[in-house]
Amino acid sequence: MAAAMILLIMRKPGNIRVMQHALDHLGHSSKGISTEAELQAALAEPISPRLGVVDVTDFSTDVWSMCTRLQNHNIPFIVLSAPQTLNLDNHSLAYGATSVLRKPIAKSALLQLIHGLAA
Amino acid sequence: MERLSTGVDGLDEILHGGLIPQRSYLIRGGPGRGKTTLGLHFLTAVDDGESALFIGFQEPEAQLHSNAASLGIDVSAINFLSLAPDAQFFTEQQSYDVFAAADVEQQPLVEAIIQAVEHHRPTRVFVDSLSQLRFLATDIFQYRKQVLSFLRYLTQQGTTVLFSSESSHELPDDDLQFIADGVINLEAGVAGPVIRISKMRGSSFRFGMHHMRVADGGLKVFPRMIPASSRQAGFQLQRWGTGVKKIDELLHGGLVANTVSLITGPSGTGKSTLAALFVAEAARQGHRASVFLFEEEIAFFLRRAKDLHLPLEEPFADGRILIEQIEPMRYLVDEFIMRVREQIEEAGVKMVVLDSVTGFEVALGGESIRERLHAFAKGLSRMGITILLINEIEATTGAFRVSEKSISYLSDNVIFLRYMEVDGMLKKAIGVLKKRLSSFDNRLHTFEIGSPGVFKIGEPIHGLRGVLGGTPMPQEES
């Protein structure tokens with residue numbers, strides 16, 4: 001399978017680091033995004049991202065406009081949320097998330113899902 | 001059986017020679033108890049051809065170096081693998097919550113350890129602390145399996161492993177205690193820090209709590225004295241006299257060597273002076289004696305002896321008499337006993353005076369004096385030492401008691417000094433209450449202290465009763 005570009009839309013540098021490390025092992029390239037401007041720039045690049053992974057917990061409501069941008073570019077995305085955030089989960093699905101996963105996520109399960117969606 | 005030194009002499013003694021190689025041992029204890037210091041001692045005790053590896057999860061290498069240097073431990077021979085997070089983890093917000101720690105940390109950690117072990121081929125490893133692995137395991141079963149496998153990996157490489165744990169009510173370390181071949185506990189103790197062995201597979205060890213101290217030079221362990229079950233070979237019924245004819249006559253020749261004697265009486269009756277007579281006479285005969293002063297200062301003790309023409313200064317100056325002033329608040333009892341043992345072994349001391357039992361009790365800081373004094377006195381006497389215990393009675397007169405501390409049972413000999421009021425005068429009486437190994441004069445005598453003669457024993461007391469109570473009455477003729 002060809003390497004896919006995956007957008008990691010997250011605020012915590014630590015989360016971007018561990019996600020990138022895991023995706024590197026799978027042979028995918030990834031880009032950390034923490035603001036809407038960065039997302040806009042990434043979407044304007046010639047290589048189109050194949051998947052987005054959005055950690056909604058550390059963002060304010062601006063995260064929904066980022067989800068909308070992904071949806072508008074037909075980029076599927078997975079939402080990561082904290083436990084007991086049912087409201088966020090519902091919003092995520094309403095804004096087009098393919099799947100909502102609760103943190104912490106079993107690494108192997110997430111990578112398998114990403115791998116499948118990015119294929 | 002081959003033994004590996006822990007790097008701490010006192011601990012090796014408690015372990016009957018040290019650790020059995022290629023096994024794993026747990027060091028338990030709260031923060032600041034000395035777990036890391038003990039680990040460093042273990043690693044610095046490497047012999048030629050050995051290699052030591054410190055695997056640390058908590059402190060960076062530079063900090064370990066600095067802490068060791070402040071204690072005077074040379075760690076230059078130790079290889080360090082620090083798995084502690086650096087400052088950037090915080091400043092660059094490297095914490096994460098997307099994955100469980102086990103998913104992220106375990107693999108690189110295992111790889112780093114394997115790499116270090118294969119590179120250094122250590123014969124000694126200290127892991128500080130293995131409790132950290134608990135946070136990298138998904139459940140308790142995984143943790144236990146991981147620890148077992150990790151320790152087996154190391155010991156199969158020919159390594160002896162010490163590992164520390166941090167236990168709390170919330171996170172007990174019972175599982176590690178089951179897994180380890182031996183468990184060394186560093187605890188608070190009643191009077192000060194103690195070390196206690198609770199498990200040692202395949203080896204006997206000295207039970208109980210042993211005082212310890214982290215000081216210059218690192219960890220010092222003072223094995224608790226447990227009296228030998230029998231006396232050393234060559235036990236002789238030699239007598240120790242005072243050189244004062246009448247006192248020696250009271251004792252029918254003197255105190256039998258290698259016994260425990262209690263010199264008891266109220267304050268100011270002359271107990272220390274009487275003990276000093278035995279010490280001076282021992283020195284005159286060419287033997288070494290030690291006096292441990294818990295209350296009086298050496299200068300005062302020597303000055304009083306000089307005023308009484310008691311020849312202590314010269315033998316003190318030439319080392320025949322060793323006098324040490326002990327501040328009980330600064331000493332742990334096992335530390336003090338170790339000091340006494342060192343004098344016995346290094347200087348060939350044959351007689352030890354403990355002045356006084358009360359000072360010894362202060363050093364105990366609340367521990368039972370009966371048990372500890374028993375171990376001290378009986379232990380030394382079975383090593384061939386003659387012990388004089390100075391015991392102060394609170395009551396000046398009144399109902400006669402040998403001791404208020406229930407310690408008279410451990411004495412082979414009891415000499416008592418009493419005040420008595422006669423014709424409005426305060427006089428003193430001396431008597432021998434007990435002498436296990438020989439006969440003695442069971443009559444009470446009056447005595448005075450003062451030159452010439454230092455200790456002037458009068459004639460036996462006749463015609464009075466109630467002398468022991470301090471208020472004698474004329475004996476009625478029957």
Side-chain angles (χ1 to χ4, degrees), chain A residues 6-26 28 30-35 38 51-59 63 77-85 88-89 92 97 99-115 117, chain B residues 55-61 63 81-116 118 130-147 149-150 153 166 168 170-171:
Chain A
I6 296 164
L7 296 181
L8 303 173
I9 302 166
M10 321 181 155
R11 271 272 165 83
K12 266 195 179 146
N15 278 342
I16 293 174
R17 175 178 60 87
V18 295
M19 283 292 299
Q20 282 188 321
H21 191 256
L23 291 171
D24 279 355
H25 272 273
L26 277 182
H28 295 305
S30 57
K31 191 177 185 71
I33 304 287
S34 55
T35 63
E38 285 176 7
L51 181 70
V53 180
V54 186
D55 183 352
V56 294
T57 41
D58 294 321
F59 286 102
V63 74
F77 63 95
I78 304 165
V79 163
L80 311 181
S81 71
Q84 294 167 340
T85 50
L88 280 181
D89 297 356
S92 303
S99 183
V100 179
L101 302 171
R102 293 276 164 79
K103 296 188 291 183
I105 305 143
K107 194 173 168 183
S108 56
L110 178 64
L111 294 181
Q112 208 173 354
L113 181 64
I114 289 173
H115 205 57
L117 288 171
Chain B
I55 301 174
F57 288 90
Q58 302 184 86
E59 293 161 286
E61 185 178 339
Q63 193 178 331
L81 171 63
S82 176
L83 299 167
D86 53 25
Q88 286 161 328
F89 187 83
F90 175 74
T91 57
E92 295 177 8
Q93 300 177 56
Q94 290 300 314
S95 67
Y96 56 85
D97 61 3
V98 63
F99 297 133
D103 263 352
V104 176
E105 309 288 346
Q106 210 174 71
Q107 195 187 343
L109 185 138
V110 168
E111 282 169 2
I113 292 173
I114 290 173
Q115 196 181 3
E118 287 184 351
L130 213 48
S131 305
Q132 295 292 317
L133 286 185
R134 193 184 295 277
F135 306 115
L136 300 183
T138 47
D139 57 53
I140 194 72
F141 177 74
Q142 290 294 326
Y143 172 62
R144 192 181 157 86
K145 202 169 165 183
Q146 219 169 55
V147 169
S149 167
F150 175 52
Y153 164 73
E166 294 141 0
S168 62
E170 294 75 28
L171 284 174

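Letters go in sequence order (proteins before strands), and every chain restarts at 1.
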Hey, which residues of residues 100-110 of chain B are touching chain A, say heavy atoms under 4.5 Å apart?
B/Ala100, B/Asp103, B/Val104

Structural part of A/Asn15 lying under 4.5 Å from a heavy atom of chain B:
both

When rounded to the nearest 0.5 Å, the distance separating CD1 of B/Ile113 from CZ of B/Phe150 is 4.0 Å

Can we say A/Asp55 and A/Lys12 salt-bridge, meaning some charged N sits less than 4.0 Å from an Asp/Glu carboxylate O?
no

Kindly state each residue pair satisfying salt bridge (Lys or Arg N to Asp or Glu O under 4.0 Å) with at least one member in residues 135-145 of chain B, sequence neighbours excluded.
none

Walk me through whether A/Leu110 and A/Leu80 qualify under side-chain contact (heavy atoms from CB on, under 4.5 Å).
CA-CA 10 Å; A/Leu110 178 64; A/Leu80 311 181; 4.3 Å; yes

Count the heavy atoms of every other residue, nucleotide or ligand shown that sit under 6.0 Å from NZ of A/Lys31, and state whether that count exceeds 12.
no

Scanning both residues in full, the closest heavy-atom pair of B/Arg134 with B/Tyr143 reads N-CE1, 3.2 Å

